[in-house]
Amino acid sequence: KAKSEGRDQFSFFTTTLNAKVHEEVAIANDMYRAFSDGEFELYYQPKIHIESGKIVGAEALIRWNHYQKGMISPDHFINIAENTGFILKLGTWIIEETAHTIKRLQDAGYDRVHISCNVSTRQFQNLNLYGEIKNAIQKNKINPKLLAIEITESVMLDYLEITLETLKKVKALGVNICMDDFGTGYSSLSYLRQLPIDSLKIDKSFVDDISCCEQNETILLNTIIAMGQTLNLHVIAEGVEEEYQMQYLKNRGCGYYQGYYFSRPVPEKTFFELLRTNYASSVTDGKSI
Ligand code: C2E
Ligand code: MG
Ligand code: MG
Ligand code: MG
C-alpha cells in the first residue's frame, strides 16, 4: 500500500511540476510579444523622509498588464526573464523609462525628486550596462544624482571583478547605488565596505518583526540601522504598513521608508498627483536614496 501511495504522490508531483513548467514556458514565450505590444509599465512607490513625512523620491517597479490575464506581478515573471535572458532587453527599457520619468519630473519643476530602479544581478553580465545608464542620463539631460539603482547582495557572487568595476563606473557618473533587501543575503560589514554603495534598504522581513503593542526591541533591525549609520549610508526601510512600524523606525534613527502605510506603488500620473500635496524640496539634500 505504502508503495502505491508513494507512486501516486510521485505522479501528482510530476503533474504539478509539468503544469508549472508549461506555465513558465508560456510566460517566457509571451514576454517578447508583450514587450512589443507595450504591456509593460513602471509603477512608482513613494519614498518618504521619516522626520517630515514628505516624499523625496520613488522606486520604479515593473508591472505587466497582460491583455488576457490582467496584471501580472513581477514575482511571477522576473525570475523567468532572468533565466531566459529577456531581463537584458527589459532591463534596458526599465533604465530608459526611469530616466524619462526623471526628465518629466524635472520639466514639471520637481528637480529634486529622485527615482530608483531595480537592476537584477543578471544585468551585470551585460557588458554595456554602464553605457546604457550613461546614455539614458545624457539623452534625457537629467541630473545623474536623481537616478539610483537598486542591487541585491547576491550581485557580487558571480563575475566579481567586472561587477565591481561596473558599479564604480556607474557611481562615478553620480548615480546612487542602493543595497536592496538588505539583511536577507550574506553581507558582512567588511563586504559592504568594499562596495560603492550609498544606501541600505532594510528588507521587509525585519520591519515585520516590529511588534505593535509591546516595547520589544528588534535586535536585528536595530543592528542594521546602526550599521548603516556607522558606514555613513542612507538607511531606508521597505514594507512599512503600520504607523507603529514607522514610529519605531523614526525613533531608531532610520531616515526614510516606503510602504503601504504611505502608498502602494502607483502609476506615474498618480505619483505626480501625490507629489503635488506631499512634496517639499527642502527635505532632500539633492542626493538620491
Ligand atoms: P523589491 O525591489 O524589494 O520591491 C519591493 C516589493 O515590495 C514590491 O513588490 C512592492 O510593491 C512591495 N511592497 C512595498 N511596500 C509594501 C508593503 O507595505 N507591504 C507589502 N506586503 N509589500 C510592499 P513588487 O512590485 O511586486 O516587486 C517584487 C520584486 O520584484 C521586487 O522586490 C524586485 O525584486 C522585483 N522587481 C520589481 N520590479 C522590478 C524591475 O523593474 N526590475 C527588476 N530586475 N526586478 C524588479
Ligand atoms: Mg527594490
Ligand atoms: Mg526591496
Ligand atoms: Mg524585498
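Being a predicted model, the structure only gives us computed values, none of them experimental. Below, all heavy atoms of this structure are taken into account, side chains as well, without hydrogens, waters or symmetry copies.
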- Task: Under the side chain to side chain contact (heavy atoms under 4.5 Å, CB included) rule, what do V175 and I137 come out as? Steps first, then yes or no, please.
- Result: CA-CA 9 Å; V175 172; I137 292 168; 3.5 Å; yes

- Message: I'd like to know whether L233 forms a side chain to side chain contact (heavy atoms under 4.5 Å, CB included) with M179, so could you lay out the CA-CA distance, the side-chain angles of the two residues, the decisive distance to 0.1 Å, and finally the verdict.
- Response: CA-CA 10 Å; L233 302 171; M179 183 62 82; over 6 Å; no

- CA sep, side-chain torsions, deciding dist, call: T184, E153, side chain to side chain contact (heavy atoms under 4.5 Å, CB included): CA-CA 8 Å; T184 59; E153 291 165 277; 3.9 Å; yes

- Message: For I87 and Q123: C-alpha separation, side-chain torsions, deciding distance, then whether side chain to side chain contact (heavy atoms under 4.5 Å, CB included) applies.
- Response: CA-CA 7 Å; I87 192 71; Q123 286 174 262; 4.1 Å; yes

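By the 4.5 Å heavy-atom criterion applied to side chains, N176 and H114 are not counted as neighbours. You'll find the side chain of T152 stays beyond 4.5 Å of the side chain of S120, heavy atoms only. Residues I48 and M246 form no side-chain contact, since every pair of their non-hydrogen atoms from C-beta on lies 4.5 Å or further apart. For the pair I202 and F182, the minimum side-chain heavy-atom distance is 4.5 Å or more. Counting heavy atoms from C-beta outward, L274 and S263 have side chains that approach closer than 4.5 Å. Using a 4.5 Å cut-off on side-chain heavy atoms (C-beta onward), I115 and L42 make no contact. Under the 4.5 Å side-chain criterion, counting only non-hydrogen atoms from C-beta, L231 is in contact with L192. A 4.5 Å side-chain heavy-atom check between Y44 and V113 finds every atom pair outside the cut-off.
A side-chain donor-acceptor contact under 3.5 Å links E39 to the backbone of Y67. A donor-acceptor contact shorter than 3.5 Å links the side chain of Q245 to the backbone of E241. Under a 3.5 Å cut-off, the side chain of K169 and the backbone N or O of Y130 do not form any donor-acceptor pair. In terms of modelled atom types and a separation under 3.5 Å, the side chain of Q106 and the main chain of N143 share a donor-acceptor contact. Not a single donor-acceptor pair under 3.5 Å links the side chain of E132 to the backbone N or O of G91. A donor-acceptor distance shorter than 3.5 angstrom exists from the side chain of Y248 to the backbone of T218, with no hydrogens or angles considered. In terms of modelled atom types and a separation under 3.5 Å, the side chain of E51 and the main chain of G255 share no donor-acceptor contact.
Between the side chains of N135 and E96, no donor-acceptor pair of N or O atoms lies under 3.5 Å. Under the 3.5 Å distance criterion, with hydrogens and angles disregarded, no donor-acceptor pair is assigned to the side chains of Y260 and Q45. In this structure, a donor-acceptor pair under 3.5 Å is present between the side chains of D30 and H66. Counted by atom type alone, S116 and K201 present zero donor-acceptor pairs between their side chains at under 3.5 Å.
Between atom CD1 of residue I177 and atom NZ of residue K171 there is a gap of 6.5 Å, rounded to the nearest 0.5 Å. Here the CG-CG distance, from L249 to N222, works out to 9.5 Å after rounding to the nearest 0.5 Å. The CD atom of E82 sits 10.5 Å away from atom CD1 of I80, with the distance rounded to the nearest 0.5 Å. The CG atom of D111 sits 12.0 Å away from the CD1 atom of I102 when rounded to the nearest 0.5 Å. To the nearest 0.5 Å, the span separating CG on D181 from CG on L200 amounts to 11.5 Å. If you take CG on L167 and CD1 on I151, they are separated by 4.5 Å, rounding to the nearest 0.5 Å.
The hydrophobic clustering, which links ILVMFWY residues whose side-chain heavy atoms are closer than 4.5 Å, places I142 and W93 together. Linking ILVMFWY residues whenever their side-chain heavy atoms come closer than 4.5 Å, directly or via other members, places L129 and V170 in the same cluster. Hydrophobic clustering, with ILVMFWY side chains joined whenever heavy atoms are under 4.5 angstrom apart, keeps Y257 apart from L61. A continuous path of Ile, Leu, Val, Met, Phe, Trp and Tyr side chains, each step under 4.5 Å between heavy atoms, connects V155 with L160, placing both in one hydrophobic cluster.
A salt bridge links R252 to E217: at least one charged side-chain nitrogen sits closer than 4.0 Å to a carboxylate oxygen. A salt bridge links E97 to R104: at least one charged side-chain nitrogen sits closer than 4.0 Å to a carboxylate oxygen.
Using cut-offs of 30° and 60° for the angle between ring planes, the F35 and F40 rings count as tilted.
The ring-ring contact (aromatic ring centres under 6.0 Å, His included) test with W64 is passed by exactly one of F77, Y43, F86: F77.
Looking at every heavy atom in both residues, L173 comes nearest to K134 through CD2-CG, 3.8 Å. Scanning all heavy atoms of the two residues, the minimum distance from A136 to A99 falls at O-CB, 3.6 Å. Contact detail for I95 and C117: the closest heavy-atom pair is CG1-SG, 4.2 Å. A pairwise comparison of heavy atoms in H76 and I27 identifies O-CD1, 3.9 Å as the closest pair. In terms of heavy atoms, G239 sits closest to V207 at O-CG1, 3.8 Å. Of all non-hydrogen atoms in Y279 and S281, the two that sit nearest each other are OH-CB, 3.4 Å.
Other residues, nucleotides and ligands contribute over 12 non-hydrogen atoms within 6.0 Å of the NZ atom of K250. Within a 6.0 Å radius of NZ in K54, other residues, nucleotides and ligands contribute more than 12 heavy atoms. Under a cut-off of 6.0 angstrom, the local environment of NZ in K168 is sparse, with at most 12 non-hydrogen atoms contributed by other residues, nucleotides or ligands. A 6.0 Å sphere centred on CZ of R193 holds no more than 12 heavy atoms belonging to other residues, nucleotides or ligands.
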